Amino acid sequence: MPSKILPVPFYNRPTLTVARELLGATLVREEQGVRIAGMIVETEAYIGESDLACHAKAGKTPRTEVMYGSPGRAYVYFTYGMHWMLNVVTEMDGFPAAVLIRAIRPVEGIAIIAARRGKQPPAKWTDGPAKLAQALAIDKSFNGVDLYNRNNGLWIEKGKTITDESVTIGPRVGLYTVPEPWKSKPWRFIEK
DNA sequence: AGCACGATTAACT
DNA sequence: GTTAATCGTGCTC
């Protein structure tokens with residue numbers, strides 16, 4: 001049986017295309033042989049130094065270095081003093097861009113997710129970027145790891161195809177101090 | 001060395 | 001609707 005894991009060429013494409021096509025894909029975390037997985041239902045694109053919402057606006061720094069690297073790797077960063085965010089690096093080596101995985105729908109490893117997120121109702125287990133990172137135990141140690149093989153306990157598999165009728169496109173969120181037009185770019189993709 | 005801010009969340013009123 | 005929590009990062013001095 002051929003691997004279901006999305007290969008490097010999938011990520012080595014325009015970021016908006018990758019963000020759109022990641023909807024329906026399966027984000028998989030494997031811990032000690034146990035799978036925790038969910039279908040990706042919300043993404044956002046962050047594209048290049050000219051995108052003033054993208055961390056790469058500051059240029060290549062220790063923090064943003066991964067985004068400048070080869071596609072198909074994880075860019076994990078820390079914010080608000082307590083939250084981890086998972087992104088997937090896109091486009092050619094040298095161009096800084098990534099897709100933020102904003103939400104997933106739990107499919108496997110529900111018991112583990114419940115143990116980590118059980119204080120909240122199931123609908124709120126993985127409906128935000130910091131929430132899914134917590135549910136899947138993703139932190140700084142995953143920054144820069146390959147997502148196109150099983151070596152690192154984190155990868156993305158081809159999943160369900162989502163039709164355009166089931167996709168809502170809108171502006172990215174949380175960009176309070178980002179100037180226009182970047183603040184309103186319709187670079188957020190949601191599976192209804 | 002110090003500072004302002006943040007691709008958020010949960011718990012409030 | 002508002003706001004505290006909490007600290008790495010990048011910028012200024």
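Everything numeric here is computed off the predicted structure, so don't read it as measured data. Letters go in sequence order (proteins before strands), and every chain restarts at 1.
In this structure, CD of A/Q120 is placed 11 Å from P of B/dT9, rounded to the nearest angstrom. Atom OH in A/Y80 sits roughly 7 Å away from atom P in B/dG6 (whole-Å rounding). Separating the CG atom of A/L175 from the P atom of B/dT8 is a distance of 7 Å, rounded to the nearest angstrom. Atom CZ in A/R172 sits roughly 11 Å away from atom P in B/dT8 (whole-Å rounding). When rounded to the nearest whole Å, the span between CH2 of A/W84 and P of C/dA5 equals 21 Å. Atom CG in A/L132 sits roughly 12 Å away from atom C1' in B/dA7 (whole-Å rounding). Between the NZ atom of A/K131 and the C1' atom of B/dA10 there is a distance of 8 Å, given to the nearest Å. Atom OH of A/Y77 and atom P of C/dC7 are 17 Å apart (whole Å).
Look at A/H83 and you won't find any side-chain N or O under 4.0 angstrom from OP1 or OP2 of C/dT6. Distances shown here put every side-chain N or O of A/K119 at or beyond 4.0 Å from the OP1 or OP2 atom of B/dA11. Of the side-chain N and O atoms in A/K140, one or more sit less than 4.0 angstrom from OP1 or OP2 of C/dT9. For the OP1/OP2 pair of B/dA10 and a distance below 4.0 Å, the side-chain nitrogens and oxygens of A/R117 include at least one atom meeting the criterion. Considering only side-chain N and O atoms, A/R102 lies under 4.0 angstrom from the phosphate OP1 or OP2 of B/dT8.
Among the nucleotides B/dA7, B/dT9, C/dT6, the one closest to any side-chain atom of A/A130 is B/dT9.
Using cut-offs of 30° and 60° on the angle between ring planes, the pair A/F78 and A/W84 is tilted.
Atom NZ of A/K192 sits in a crowded spot, with more than 12 heavy atoms from other residues, nucleotides or ligands closer than 6.0 Å.
Contacts of A/M85 with the nucleic acid, taken as non-hydrogen atoms under 4.0 Å apart, involve only primed sugar atoms and P, OP1 or OP2. Contacts of A/A58 with the nucleic acid, taken as non-hydrogen atoms under 4.0 Å apart, involve only primed sugar atoms and P, OP1 or OP2. A/F78 comes within contact range of the sugar-phosphate backbone alone, with a heavy-atom separation under 4.0 Å but no base atom that close. Residue contacts for A/L100: at a heavy-atom cut-off of 4.0 Å it reaches a base atom on one of the strands shown.
Across all strands shown, C/dC7 pairs with B/dG6; the Watson-Crick or G-U wobble distances both stay below 3.5 Å.
Note on A/E42 versus A/K131: no salt bridge recorded, every NZ/NE/NH1/NH2 to OD/OE distance being 4.0 Å or above. Under 4.0 Å is where a charged nitrogen must lie from a carboxylate oxygen, and between A/E44 and A/R172 no such pair does.
Annotation: cation-pi pair A/R13/A/F10 present, NZ/CZ under 6.0 Å from the ring centroid and within 45° of its normal.
Using modelled atom types and a 3.5 Å distance limit, the side chains of A/E191 and A/S166 yield no donor-acceptor pair.
Both geometric conditions, a ring-centre gap below 5.5 Å and a plane tilt below 30°, are fulfilled for A/Y46 over the base of B/dA7.
Positionally, the nearest nucleotide of DNA chain B for A/V178 lies more toward the 5' end than for the other of A/V178 and A/Q134.
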